[in-house]
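Single-structure report; data block below.
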Protein chains: 2
Amino acid sequence: MPTLSRKQRDMLEREELILSTAQTLLNQHGYNHLTMDRVAETVEYSKGTIYNHFASKEDLVCSLCCRLINNLIDVFERAYQYPGTTRERYSAIGIGYSLYNQLHPMDTQNIQTVKNNAVREKVSEDKLAEMESLEQKITKITRSIVQEAIDCGDLNKEHQDNVDTIVFGCWSMHYGALLLDQSDIPLQNLGFSPVVNMLWKNANIYLDGYQWLPLSTNTDSDKLFEKISSALFDGEIDLLKKAV
Amino acid sequence: MPTLSRKQRDMLEREELILSTAQTLLNQHGYNHLTMDRVAETVEYSKGTIYNHFASKEDLVCSLCCRLINNLIDVFERAYQYPGTTRERYSAIGIGYSLYNQLHPMDTQNIQTVKNNAVREKVSEDKLAEMESLEQKITKITRSIVQEAIDCGDLNKEHQDNVDTIVFGCWSMHYGALLLDQSDIPLQNLGFSPVVNMLWKNANIYLDGYQWLPLSTNTDSDKLFEKISSALFDGEIDLLKKAV
DNA sequence: ACATTTTTTGACGTTTCGTCATATTATCGC
DNA sequence: GCGATAATATGACGAAACGTCAAAAAATGT
């Protein structure tokens, strides 16, 4: 016996329909051309009904963002489960993030859009709280790998006070790199070679700096990238190859 | 004898008036409440005249962004001139960037806004080209310090192929960190301590990873932060203290 | 079968962008 | 100085999009 009435189930189903429709429109035409009228027309409900589900256009987009963060949480959890060293598992998170970003560039733009204050301003308190709690979930996964590294000696105990700093360091480096990659800035014109490779190299250098064992200088890091991505993200890699 | 006619000078003067007015309005009320009508009203010209100077609202905001990048170039050039080791000079850039960000948080939000594709879409080709050329100027400054480090032996010659990667690494780390700091994400709730400190620490670890001499492990890096910021950015520091 | 509550609808008011015909001002030859 | 012509400024206007709300439709209960 379901805990939700038929009505509530219908409601959820329609919410899902609206969300996936909005996602499609957003991916196809971008934020500017995503209009509530168009969403309403496409799902064949009136605008008023859409507004019964989402307080504003920004709220709708933020909801998409929450779905997206849930996808990322899946990726992060898979990386967490990887049967390797703590360093490999932490790296797996970065790889997963990079791959997800390449596979769903529009999702990353979407996040960027919602992080922007002009948009954020119009999102309801509830949605913001929902997103924050999802982000906390992600932080928790990454932090616990760092903690395990300290506990098992892969990372020196002296870094116990730096757990947050390490997590933040990797987060900001990845976030910044992939945002730059996504933001139409012609990085090649500025002289940069493909971003994911540089990011992988830099992330390794950074973790080497914290002396997180085993060091990338003692490892074939190109091979490790291959190994991790095929072990965890085979599906994603296939999709990527098809896209090219 | 001026190379510009009186008319052209008037034009430039008014453009400056529009820009500084728009900047004020933007800082006071945010992107959503910056309207072309309000700008026109405030500068006491008609909207049509504003549109003679800027092709769209986005173009206007992008122009503000260009002014802002010019400010950053000033900061970067001051750091470039710092009479210290290459490592110190490179660090000085990061410090200057952090300080500028703290002193002008709205400017950073502004950049973030313009980097967003939904906004970027509506900026004229010319303005985008202008911004790109300014960004190239910044890249050039940072890259040349890295190159000097290699030339003088502070950075091993084996990194000659990684100059871009190093520049990109620092850029993305700083960009990501300061964006996260600015984007209303409650970092404290997520467990993070103040951002600039973590960023300084992470940037040092990262550069240590590249074995850029002198290593931060052989230096009192807190003292170095003090030293550089008071030598180069005394004015900014004063303003910051006053703001608190 | 009818009354009442819930949900849906889309026309409407509002805001803001960007345009363009018209008005105003400046320039220039005489 | 003056009239003709070119350059510039103006703000009323049309269009697009958001979000609302009174009225219509559907669902529920008696």
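Being a predicted model, the structure only gives us computed values, none of them experimental. A note on names: the letters A, B, ... follow the listed sequences, proteins ahead of strands, and every chain is numbered from 1.
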Inset, instruction - Measure from CG on B:Leu12 to P on D:dT8 and round the result to the nearest Å. - result: 13 Å
Inset, instruction - State plainly whether the residues A:Lys127 and A:Glu130 are in salt-bridge range, i.e. N to O under 4.0 Å. - result: yes
Legend entry - B:Thr49 vs D:dT10: side-chain N/O to OP1/OP2 distance below 4.0 Å: yes
Legend entry - Whole angstrom value for the distance that separates P of D:dT20 from NE2 of A:His53: 16 Å
Inset, instruction - Quickly work out the B:Asp59 CG to C:dC17 C1' distance and round it to whole Å. - result: 14 Å
Legend entry - Whole-Å gap separating C1' (D:dA9) and CD (B:Glu44): 15 Å
Nucleotide N/O to protein N/O under 3.5 Å, stretch nucleotides 14-18 of chain D:
from   : atom 1 : to      : atom 2 : distance (Å)
D:dC18 : OP1    : A:Met36 : N      : 3.4
D:dC18 : OP2    : A:Met36 : N      : 3.0

Inset, instruction - Rounded to the nearest angstrom, tell me the gap between atom OH in A:Tyr45 and atom C1' in C:dT9. - result: 13 Å
Legend entry - Stepwise salt bridge (Lys or Arg N to Asp or Glu O under 4.0 Å) test for A:Glu77 and A:Lys137: CA-CA 10 Å; A:Glu77 270 169 354; A:Lys137 222 166 157 183; 5.5 Å; no
Inset, instruction - Calculate the interatomic distance between A:Ile50 atom CD1 and C:dT7 atom P; express it in whole Å. - result: 16 Å
Inset, instruction - Answer whether the closest heavy-atom distance between the side chains of A:Val195 and A:Leu180 falls below 4.5 Å. - result: no
Legend entry - Enclosure of B:Glu13 CD (heavy-atom neighbours >12, cutoff 6.0 Å): no
Inset, instruction - Specify the separation, in whole Å, of atom CE of B:Met11 and atom P of C:dA26. - result: 14 Å
Legend entry - Short side-chain N/O contact to C:dT8 OP1/OP2 from A:Asn52, under 4.0 Å: yes
Inset, instruction - Could you walk me through whether A:Tyr206 and B:Asn202 pass the side-chain hydrogen bond (donor to acceptor under 3.5 Å, both in side chains) test, one step at a time? - result: CA-CA 8 Å; A:Tyr206 171 72; B:Asn202 283 327; 2.5 Å; yes
Which atom pairs, one a donor and one an acceptor, fall under 3.5 Å between side chains of residues 92-108 of chain A and the rest of the protein, sequence neighbours left out?
from     : atom 1 : to       : atom 2 : distance (Å)
A:Ser98  : OG     : A:Gly94  : O      : 3.2
A:Tyr100 : OH     : A:Asn71  : ND2    : 3.2
A:Tyr100 : OH     : A:Asp107 : OD2    : 2.7
A:Asn101 : OD1    : A:Thr108 : OG1    : 2.5

